[in-house]
Every structure is written in C-alpha cells, then in structure tokens.
Amino acid sequence: MTATTLDTTTTPAATAAATGVTVTKVAGRIGAVIGGVRLSGDLDEATVQAIRDALHAHKVVFFRGQEHLTDETQLEFTRLLGTPIGHPTVNLEGEYVLPITSEYGGAADQWHTDVTFVPAYPLASILRGIQIPEAGGDTVWANTATAYDELTPELKELANSLRAVHTNVYDYAGFSPDKDPEAFKKYQEVFASTKYETEHPVVRVHPVTGERTLLLGGFVQRIQGYSREDSKLLIDLLQGHVTRIENTVRWSWQAGDVAIWDNRATQHRAVSDFGRVTRVLHRTTVDGDIPVGVDGRASTPIKPTPAEAAA
Ligand SMILES: O=C(O)CCC(=O)C(=O)O
Ligand SMILES: [Fe+2]
C-alpha cells in the first residue's frame, strides 16, 4: 500500500492507520486478513470502526492467532459490532454461542446466507476455529455484490423485480445421516421446530454501502409468481453468478482463527472433505435489519403466522 498523508481521521484508511490495524486482501474480489488486533470486548472505537470498514469493503475478514478468546470474550467482542442474537430454533433463549460441530456428521456444505428464513436476519456472523482437522474443512465465501455487478443490464432488471420465499423447513447443514442417524434426525427436528417463511427481494440494497446484492442461498424455496420449474431455472441462473469462483475466497482454518462476514453481502459454505474427524467452530451472530429491494419494498414475513406464533 502506498503511504498517503491525510488531514482527516475519518476515512477508513486513516482510521486503520491511526490504530495500527493492517488490512491485506486475500482474493481479488473478496476477503482480507486484519492484523494488529487482539480481539476482545475492550477494543477502542477507532479499532472497531476500522474492523467495520474492512468488513464492508472486503465482505469477510480474517484474524489469525486469537487463541485467547473464550465463548464469553467472543460474545463481548460481538457486542461491539451490535446486538448478539441466538439461532432462532437451535439456541435456547438467551444463548448466543452456536457450536458448529461435525459430531452429527458432515458440515454446512450447501451455499447459504445465515438465517435468511426470517425477515431481519443477522447482519454479521463471527466464527472462531476451535478444533480444526489436519487437512480439509475449509470455508468458502462468495461476494453477492460483485455477483450482481457482473449481470447484464437486462438480467439486473429481471433480478430487481423478483421476490423469493426463504424457509428453514429443510436442513441446510447437509449433515450426512450415515454417521449418527439418531443425532441427525434430532438436529433436523430442532432446526425446523418452528417453521419460518419469509419473502425477500432477490436484490437487496445494502444499508451501509448502498451496493446491490443478490439475496438467495440454500434457504430459498421458490420465486414468487413463477412455477416450480421456472423458479429453479431462475435461481440456478443467478446463484451460478454468486458462486462463480472469481467471486469467492477460501479460508484454510487454524485453531484460534476468527472470520467475520457481512451476512448482507455474502454467501458461504463449508468444504466437507475432512472425513470423520471432529471439527468444531463457535459462531456468534449480530442482529440484522429488514432488507429493502431496489424498488424500496421491504421483506415480509409469511410464517409463522400471528396465530401460529401465539400457539
Ligand atoms: O462450518 C463452516 O465452515 C461454516 C459454518 C456455517 O455455515 C456458519 O457458521 O454459519
Ligand atoms: Fe452459515
């Protein structure tokens, strides 16, 4: 990076420079490693702002060497980025750390954005590597803003007009039932214990960056107003742009690594190539806002209906 003298401390580069935070890109379109930060709940506001700026610019940021973190201090750090929120069905009330573990078999190996089956899904997720296989078990993220950007003007117009229904009724985590069929069944029952359905715009305007992003991923069930067959073709067409390898970054975990992603501008998936060894990461999430489409229309909840929610 070239050193420039800035007479203001409000630009992202100046904020980063003032705090000793370094930001180094990993792939061409997504991902950066942040150096010079020991994550905790005690970071000063300038450092937190430098992390936010890097997150918005690079969509997923990585920190190495954060072995000192515990569930408690990961949660304290999470509070600096916003309001922590537990998983709507898997976590108990007031429980904010979600273990991502291979003990039921497999991993979340389908492309998804976290928790899009509810209207105000998390704005960011924070994942900490705890028990990492010797080889394999990487995570891959995709930039849904550059995916939108590369569409032709005609496809952008079409995408801008679409609304999609997202649901948790099937299990995104892709756990292989052969490992422990009972545990697998139990997890699926818990995961879908309340059935959620939400209609989101397919193109979401990012509330901070103003970028247009494709809002799809593994919880999408159908496109409103289209047949099942046409829905599938449309979803595959757009999703194919999201997961184009040029829009992705792949991270090879070490214990003590932390990844934070902008859940409003990314999809991600695990690479389920580590056999039967145990892989454990702990996730916290930051509560989000209700998406708004290019036409200004917000997402709308479908299920649970008020009557179902009251039952
Ligand atoms: O296990 C992984 O690599 C990804 C897990 C995941 O989807 C998540 O933490 O939201
Ligand atoms: Fe996820």
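Residue indices begin at 1 and follow the sequence shown. Read the numbers this way: they start at 1 and go in the same order the structure lists the ligands and their atoms.
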Close-contact set for ligand 1 against [X] heavy atoms, below 4.0 Å:
X: Ala108; answer: 7 (O)
X: His112; answer: 7 (O)
X: Leu127; answer: 9 (O)
X: Ala270; answer: 1 (O), 2 (C), 3 (O)
X: Asp114; answer: 10 (O)
X: Thr139; answer: 2 (C), 3 (O)

With the Fe ion (ligand 2) as the reference point, give the N/O/S atom of [X] that is nearest.
X: Asp114; value: OD1
X: His268; value: NE2
X: His112; value: NE2

[X] N/O under 3.5 Å from ligand 1 N/O:
X: Arg279; value: yes
X: Arg283; value: yes
X: Asp138; value: no

#### Entry: Residue list, ring pair (Phe, Tyr, Trp, His ring centres under 6.0 Å) with Phe63, at least two apart or on another chain
none
### Query
Who passes salt bridge (charged side-chain N to carboxylate O under 4.0 Å, His left out) against Glu199, sequence neighbours left out?
Arg163, Arg297
### Ionic contact status for Glu150 with Arg244, cut-off 4.0 Å
yes
### Query
Would Thr146 and Asp149 count as having a side-chain donor-acceptor pair, cut-off 3.5 Å?
no
### Query
Once the angle between the rings of Trp261 and His268 is folded into 0 to 90°, is it parallel (under 30°), tilted (30 to 60°) or perpendicular (over 60°)?
tilted
### Message
Please find the pair of heavy atoms, one from Gln239 and one from Gly217, that lie closest to each other, and give the distance.
### Response
OE1-N, 3.7 Å
